[in-house]
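All values derive from a computational prediction rather than experimental measurement. Note on naming: letters A, B, ... go to the chains in the order of the sequence lines (proteins, then strands), and numbering restarts at 1 for each one.
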There are 4 protein chains.
Amino acid sequence: MPKLGMEPIRKAALVKATILEIGRLRSLDVTVTQIAKRAGMSSALAHHYFGSKDEIFLAAMRHILTIYAAEVRGALMISKTARGRLEAILRMSFSARNFYGESIGAWLNFYVLAQTAPKAARLLAVYQRRLNSNLVHALRPLASDRATAIALTLGALIDGVYLREALAPKAPDGDAAVTMILNYLDLELGRTSAPMISPSNSFGAPL
Amino acid sequence: MPKLGMEPIRKAALVKATILEIGRLRSLDVTVTQIAKRAGMSSALAHHYFGSKDEIFLAAMRHILTIYAAEVRGALMISKTARGRLEAILRMSFSARNFYGESIGAWLNFYVLAQTAPKAARLLAVYQRRLNSNLVHALRPLASDRATAIALTLGALIDGVYLREALAPKAPDGDAAVTMILNYLDLELGRTSAPMISPSNSFGAPL
Amino acid sequence: MPKLGMEPIRKAALVKATILEIGRLRSLDVTVTQIAKRAGMSSALAHHYFGSKDEIFLAAMRHILTIYAAEVRGALMISKTARGRLEAILRMSFSARNFYGESIGAWLNFYVLAQTAPKAARLLAVYQRRLNSNLVHALRPLASDRATAIALTLGALIDGVYLREALAPKAPDGDAAVTMILNYLDLELGRTSAPMISPSNSFGAPL
Amino acid sequence: MPKLGMEPIRKAALVKATILEIGRLRSLDVTVTQIAKRAGMSSALAHHYFGSKDEIFLAAMRHILTIYAAEVRGALMISKTARGRLEAILRMSFSARNFYGESIGAWLNFYVLAQTAPKAARLLAVYQRRLNSNLVHALRPLASDRATAIALTLGALIDGVYLREALAPKAPDGDAAVTMILNYLDLELGRTSAPMISPSNSFGAPL
DNA sequence: AATGAATGAGGATTCATTCAT
DNA sequence: GATGAATGAATCCTCATTCAT
């Protein structure tokens, strides 16, 4: 009955299950047994493939980041104008991370993980730098001298909006998020911005 | 050593120790024993005074939020102009929460706690609403029709910048944070903003 | 403020509280703190007066047994006929132990205590022997040669009925209990017994 | 050592160990660790199989009651006469419960457990009702109108005698117990009973 | 390849008991 | 006389991890 080439299948199932469980419980307090059960195998097998719980978490985080990066890259290729590229990055930031539905809940918890696990922190840093440079590149033609500063603000804004989406009891609204951030962007670029529709039931308070 | 009136002293020590330990470990995985030891007592005594670990966490969170709210309130009283009030809120958001040094590390973890613990979520919601109304009130005279929308963006920006401060390996720089957000504010209010100095070693990537 | 002669008052309050709490919880898992609180004092004071939890339990048990014995003795003095004395013993067995209301619940638990604590066992044995001799004495004039055997059965019957009363969810019914046992007694003594009224909702199953 | 199909073996070992330990200590204050150690495994494994201490207790109680019921049922099948059936029930009540030797000590403690734990109480009630109906059925042909009343007294007598056996320091004497109860039964049924031999060292005192 | 079996280490919580005031 | 303060020792329970099959 032993099948060949099960390793990638099992690993993928575990990664997916990890994201789902963390998202569902909205906490890193997920047991290996829970993850394995959801992935349809024993916890012993999970250890067999990953060696430790930390490695499972790391793989799950890596997976989320990889997909995110891939989607941003894809969107950038299509967009031809500078502003189109910026919009693409924004849009991906609020859609790509939902590929599993619950992954929005997993994201914040990976941030927490990055606080403690150096490997996770390094992983995060790589992607953060890469995406920052994406923003700067896209901004350069539009606001050469202020590109860095605007990129910084844009990044913070994305994080902040995303954080609120992750914590709000209501269903996430990606479009509203993008509209809000584009409003800021256009302000910086000197365009007249379309009046923003403020979503109801949103907290406007600081973190 | 037993004296009278130790309860408030012990409780305060435990709250302080909780914030310090969460900040130090950058994780909610802090044991009662660790907290109690840092507070200079046995874990049994910690339970005696708080009843459960959850209550200890809650008390610590309540403490941070109370101090934060108090400082904002204080700053608002002094400021006479609308813009001064906005600036005060921003400034407090990046200074008050550091009163213990490590409290910046505890903050994000309390956010995680709020995802799971209803009591913590309620606590957070109260403060978020209160501060959002502060922002809206201050904005009303300056941009009556867009006050709500701007408050929303400001709130997200504060959260985002704070999140990055909490996660960055470098020492937090409150002034730079405030400057960045004021730049956005002045843009919205139609003023010319002073060119912002971009802090080094900052990630500009989305969450 | 220190009052004189508090010792007997405090001790009595603790004994009473112990019986009430054991009866209320229907278990020996009563904490000294619970007992002390119900007795209106600190647990430290309870220890001061009794030295240990075991001693508190013992004192409570001693108290119940003392009252029981006293009531039986009193009833025996009044009754002039042999059968009257037997009936008195029975009646006391189902009324005296209720002096506190909840004491019926404490009784079974003291039996359990007697299984473990030698002092408690000795206490119990003394009273059991004394009361057995009461039964035998009362029976001697009525059934000289079978007095011992009948006393044995009577004792077991009393215990059994009492046990069921203690465990039944319904309110204890002392009269029915006495009637049932008198029925047996009269059978042994050759009298015609009055038809017994069978209480509803009673289990007739063995222990 | 790990083999397949250990679960029933481990569970049985734990149930047996529970009865032995409760019997040995004559108290419900048995730790899971003690039980597990006597069953030859870690306390973690005990929890793995039963989930909680309560479930372990319940399983042990269920086991005793199941065996008891089975033995009574078996004995009833063999007996052809009504009186034979009654005698069988009595005899089983004083032998079946000794299958493990110490189980007699566990029995009383399960009664205490039933005072507090609803599940245990329900368990007990089921068996009590079932056995009461056994008694009534067997009595009907012999004393139709008084069957219920006699069953009640018989039940109480069984409980009482059993309780004394459980508490007495001497070795339990099942034959004497049965003889004593049969004496009552024959009295009720109008037979002449053989003179009973009174066991030495027995308390004839009420509970 | 896969898993049931098994456990050591640790964590929250409780409680009898002691002590200084 | 009285108590708040304080703790060590236990207890139940969980979980990542290992191992034999």
Side-chain angles (χ1 to χ4, degrees), chain A residues 1-7 9-10 29-37 40-57, chain B residues 1-7 9-10 29-36 40-56, chain C residues 1-7 9-10 29-37 40-57, chain D residues 1-7 9-10 29-36 40-56:
Chain A
M1 240 167 290
K3 294 159 191 170
L4 297 184
M6 289 302 286
E7 176 154 349
I9 297 172
R10 293 300 198 183
D29 286 343
V30 178
T31 72
V32 174
T33 302
Q34 281 169 354
I35 293 172
K37 177 172 290 177
M41 70 193 82
S42 72
S43 70
L45 194 56
H47 273 95
H48 174 66
Y49 280 125
F50 278 105
S52 78
K53 186 183 183 177
D54 282 356
E55 288 302 324
I56 298 177
F57 274 177
Chain B
M1 235 171 293
K3 293 168 187 168
L4 289 192
M6 290 304 284
E7 176 154 351
I9 298 172
R10 292 302 199 182
D29 286 342
V30 179
T31 72
V32 174
T33 303
Q34 282 169 352
I35 293 173
M41 70 192 83
S42 71
S43 69
L45 194 56
H47 275 99
H48 173 67
Y49 282 123
F50 277 105
S52 77
K53 185 182 183 177
D54 281 357
E55 289 301 322
I56 298 177
Chain C
M1 236 168 292
K3 294 159 190 168
L4 297 185
M6 289 303 285
E7 176 154 350
I9 297 173
R10 292 299 200 184
D29 286 342
V30 177
T31 71
V32 173
T33 302
Q34 281 169 354
I35 294 172
K37 177 172 289 177
M41 70 193 82
S42 71
S43 68
L45 194 55
H47 272 95
H48 173 68
Y49 280 124
F50 278 105
S52 78
K53 185 183 184 177
D54 283 356
E55 289 301 323
I56 298 177
F57 274 177
Chain D
M1 234 171 293
K3 294 168 188 170
L4 289 193
M6 292 302 285
E7 176 154 351
I9 298 172
R10 292 301 199 182
D29 286 342
V30 178
T31 73
V32 175
T33 302
Q34 281 169 352
I35 293 172
M41 71 193 82
S42 71
S43 70
L45 194 55
H47 275 101
H48 173 68
Y49 282 124
F50 277 106
S52 76
K53 184 182 182 177
D54 281 358
E55 289 301 323
I56 298 177

For C:Glu55, what residues pass the side chain to side chain donor-acceptor pair (under 3.5 Å) criterion, not counting sequence neighbours? C:Lys119
Taking only side-chain nitrogens and oxygens of A:Tyr49, does any of them come within less than 4.0 Å of OP1 or OP2 of E:dA2? yes
Between [N] atom [atom2] and [X] atom [atom1], what is the distance in whole Å?
| X | N | atom1 | atom2 | answer |
| --- | --- | --- | --- | --- |
| B:Ile35 | E:dA12 | CD1 | P | 8 Å |
| D:Leu4 | E:dA6 | CG | P | 10 Å |
| B:Ile56 | E:dG11 | CD1 | P | 14 Å |

For the OG atom of B:Ser43 and the CD atom of B:Gln34, what is their distance to the nearest 0.5 Å? 11.5 Å
Spatial distance of atom CE (B:Met41) from atom CE (B:Met6) [nearest 0.5 Å]: 8.0 Å
So which heavy atom on D:Ala36 is nearest to which on D:Ala46, and how close? CB-CB, 4.3 Å
D:Lys53 and D:Thr31: which non-hydrogen atoms are nearest, and at how many Å? NZ-CA, 4.4 Å
Take C:Ile35 and C:Phe57 through the test side-chain contact (heavy atoms from CB on, under 4.5 Å) and record every step on the way to the result. CA-CA 10 Å; C:Ile35 294 172; C:Phe57 274 177; 4.2 Å; yes
Please work out the stems of DNA chain E from pairs that are Watson-Crick or G-U wobble with both distances under 3.5 Å, keeping only runs of three or more consecutive pairs. E:2-21 with F:2-21
Determine, for nucleotides 7-13 of chain F in 5'-to-3' order, which nucleotides have protein heavy atoms under 4.0 Å from the base (write B), from only the sugar-phosphate (write S), or from neither (write -). BB--SSB
